[in-house]
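Report on the structure given below.
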Amino acid sequence: MRKFLDLNPLVPREALFVDDSPTFNAYASAGFRNIGEDQSATLADATKLTAPKLTAGAWWRYLTNVASLSPVPKDMGWGEIPEGVLRLGGTFVVDDDSVRFAHADKFPGDHPAIADVLRAAGITLVTASGDEMD
């Protein structure tokens with residue numbers, strides 16, 4: 001987590017929650033599944049994904065850091081796939097005891113629209129000219 005925070009200095013430490021247990025019980029309790037377990041996720045859904053619009057430098061930072069940020073146990077044998085790599089995640093907006101937004105990924109890259117997450121957090125989006133966005 002420290003390396004993630006170093007690479008993403010705008011993310012406040014107190015806003016980041018990570019289940020780094022070998023069983024990923026927090027993920028399971030939140031309803032997150034492993035890749036392939038959600039039968040409602042279709043190949044057609046997955047093919048609608050597009051690559052993020054990153055600069056060459058951002059792609060290089062991603063490619064040179066993804067392995068060290070992946071949850072691979074130190075005792076993992078060659079060719080084994082760690083639970084943490086198979087486990088899908090999700091996005092929550094939590095306000096005290098109230099969950100204002102919840103999204104469980106159906107497959108890798110199935111993230112909610114950023115505008116929806118920000119709206120749930122009470123953040124108003126504005127255009128460059130200052131107009132509010134829908």
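Residue numbers start at 1 and run along the sequence shown. Just so you know, these numbers use all the heavy atoms, side chains as well, and skip hydrogens, waters and symmetry mates.
Using cut-offs of 30° and 60° for the angle between ring planes, the His103 and Phe101 rings count as parallel.
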Would you tabulate the side-chain donor-acceptor contacts of residues 87-94 under 3.5 Å, counting partners in other chains and residues two or more places apart, or write 'none'?
residue: Arg87; atom: NE; partner: Asn34; partner atom: OD1; Å: 3.2
residue: Arg87; atom: NE; partner: Glu83; partner atom: OE2; Å: 3.4
residue: Arg87; atom: NH1; partner: Phe32; partner atom: O; Å: 2.6
residue: Arg87; atom: NH2; partner: Glu83; partner atom: OE2; Å: 2.7

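Partners of Asp95 according to the side chain to side chain contact (heavy atoms under 4.5 Å, CB included) rule, which considers only residues two or more places apart in sequence or in another chain, are Arg100. Taking Leu118 as the reference, Ile114, Ile123, Leu125 meet the side chain to side chain contact (heavy atoms under 4.5 Å, CB included) condition, with sequence neighbours excluded. Every residue meeting the side chain to side chain contact (heavy atoms under 4.5 Å, CB included) condition with Pro12, not counting sequence neighbours, appears here in chain and number order: Glu14, Ala15. Ser29 pairs by the side chain to side chain contact (heavy atoms under 4.5 Å, CB included) definition with nothing, not counting sequence neighbours. In this view, Arg61 satisfies the salt bridge (charged side-chain N to carboxylate O under 4.0 Å, His left out) rule with no residue, not counting sequence neighbours.
Asp96 and Ser98 form no side-chain donor-acceptor contact under 3.5 Å, judged by distance and modelled atom types alone.
To the nearest 0.5 Å, atom CG of residue Asn25 and atom OH of residue Tyr27 are 12.5 Å apart.
Shown here for Pro9 and Asp6, the closest heavy-atom pair between the two residues is CD-O, 3.9 Å.
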